[in-house]
> 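Take this structure first; my questions come after.
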Amino acid sequence: QVQLVESGGGLVQPGGSLRLSCEVSGFSLAHYTIGWFRQAPGKEREGVSCIRGHDGSTVYANSVKGRFTGSRDNAKNTVYLQMNSLKPEDTAVYFCATAQGVYGSDDYCLALTAYAYIGRGTQVTVSS
């Protein structure tokens with residue numbers, strides 16, 4: 001049974017940092033693509049970042065480029081999203097998702113339709 005469990009969310013002041021984790025079970029993380037998505041109240045879910053399974057390449061949404069960094073530890077079956085210089089507009093529920101063999105464009109890697117499984121999310125609130 002495939003499961004993804006996010007953790008690491010919380011309340012942080014603007015300019016602060018958080019590191020989200022996504023622990024996966026039920027399959028080996030190697031060769032699977034992991035995407036990070038977020039959904040703010042009243043807004044659609046948007047792709048934030050992805051790490052392609054077949055070559056390890058990363059893609060970031062323009063809104064987080066230069067501030068967020070995705071990484072993976074296949075031995076621990078865990079993926080991370082380091083979020084720095086957080087802004088109030090980063091406030092959202094953050095989800096990780098996975099699928100095998102997500103090829104194609106960067107836009108496709110950030111599209112939820114490319115993924116087969118998604119976690120329940122972790123809340124990130126950026127506020128003073």
Side-chain angles (χ1 to χ4, degrees):
Q1 181 180 0
V2 174
Q3 282 191 316
L4 300 94
V5 179
E6 303 91 340
S7 62
L11 173 64
V12 63
Q13 291 186 342
S17 299
L18 282 175
R19 189 177 79 156
L20 305 184
S21 299
C22 172
E23 185 174 358
V24 305
S25 60
F27 66 98
S28 176
L29 186 58
H31 308 301
Y32 276 73
T33 293
I34 294 288
W36 285 97
F37 297 83
R38 67 185 182 186
Q39 188 165 21
K43 294 188 176 181
E44 293 186 357
R45 199 168 294 187
E46 64 168 337
V48 174
S49 172
C50 67
I51 304 177
R52 292 188 177 97
H54 64 280
D55 64 4
S57 59
T58 54
V59 180
Y60 299 96
N62 288 334
S63 58
V64 306
K65 202 171 291 184
R67 300 187 296 122
F68 289 13
T69 303
S71 62
R72 61 196 294 159
D73 186 334
N74 290 343
K76 294 183 178 180
N77 250 21
T78 301
V79 180
Y80 305 97
L81 184 67
Q82 178 67 42
M83 307 187 297
N84 299 328
S85 302
L86 283 162
K87 305 174 181 180
E89 51 264 43
D90 294 319
T91 295
V93 178
Y94 283 72
F95 305 84
C96 60
T98 191
Q100 191 172 22
V102 177
Y103 303 100
S105 69
D106 289 354
D107 286 345
Y108 184 63
C109 198
L110 294 179
L112 191 56
T113 52
Y115 297 86
Y117 305 96
I118 190 167
R120 292 188 175 184
T122 184
Q123 175 71 46
V124 171
T125 302
V126 184
S127 175
S128 55

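Since this is a predicted model, take the numbers as computed values, not measurements. Worth knowing before you read on, the calculation uses all heavy atoms, side chains too, and leaves out hydrogens, waters and symmetry mates.
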> By the ring-ring contact (aromatic ring centres under 6.0 Å, His included) test, which pairs, at least two apart or in different chains, include something from residues 108-128?
F37-Y115
> Any donor and acceptor pair, going by atom type alone, linking the side chain of S49 with main-chain N or O of V59 inside 3.5 Å?
yes
> So which pairs with a foot in residues 39-70 pass ring-ring contact (aromatic ring centres under 6.0 Å, His included), sequence neighbours left out?
H54-Y103
> Sorted by first residue and then second, give each disulfide (SG to SG under 2.5 Å) pair with at least one member in residues 55-106; sequence neighbours left out.
C22-C96
> Could you tell me which residues satisfy side-chain hydrogen bond (donor to acceptor under 3.5 Å, both in side chains) with K43, sequence neighbours excluded, listed by chain and number?
none
> Heavy atoms only: give me the nearest G8-T122 pair and the separation to one decimal.
N-OG1, 4.2 Å
> Kindly state each residue pair satisfying salt bridge (charged side-chain N to carboxylate O under 4.0 Å, His left out) with at least one member in residues 54-63, sequence neighbours excluded.
none
> So which heavy atom on A116 is nearest to which on A99, and how close?
N-CB, 3.7 Å
> Quick check: closest heavy atoms across I51 and G56, and the distance to 0.1 Å?
CG2-O, 3.9 Å
> Is the shortest heavy-atom distance from the side chain of R120 to the side chain of V5 under 4.5 Å?
no
> List the steps and the verdict of side chain to side chain contact (heavy atoms under 4.5 Å, CB included) for I118 and R45.
CA-CA 12 Å; I118 190 167; R45 199 168 294 187; 3.1 Å; yes
> Side-chain donor-acceptor contacts of residues 24-34 below 3.5 Å, not counting sequence neighbours, with atom names and distances?
| unit_1 | atom_1 | unit_2 | atom_2 | d |
| --- | --- | --- | --- | --- |
| T33 | OG1 | G53 | N | 2.9 |

> Are side-chain heavy atoms of E6 and Y94 found at a separation under 4.5 Å?
no
> Between atom CG of L4 and atom CG of N77, what is the distance when rounded to the nearest 0.5 Å?
9.5 Å
> With sequence neighbours left out, which residue pairs that include part of residues 25-84 fulfil the disulfide (SG to SG under 2.5 Å) condition?
C50-C109
> With sequence neighbours excluded, give me every salt bridge (charged side-chain N to carboxylate O under 4.0 Å, His left out) pair touching residues 82-106.
R38-D90, R52-D106, R67-D90
> My understanding is that only residues two or more places apart in sequence, or in another chain, count here; which of them pass side-chain hydrogen bond (donor to acceptor under 3.5 Å, both in side chains) with D73?
none
> Could I get the full list of side-chain contact (heavy atoms from CB on, under 4.5 Å) partners for S127, not counting sequence neighbours?
L11, T125
> R19: what forms a side-chain hydrogen bond (donor to acceptor under 3.5 Å, both in side chains) with it, not counting sequence neighbours?
none
> Sequence neighbours left out, what passes salt bridge (Lys or Arg N to Asp or Glu O under 4.0 Å) with E23? Give chain and number order.
none
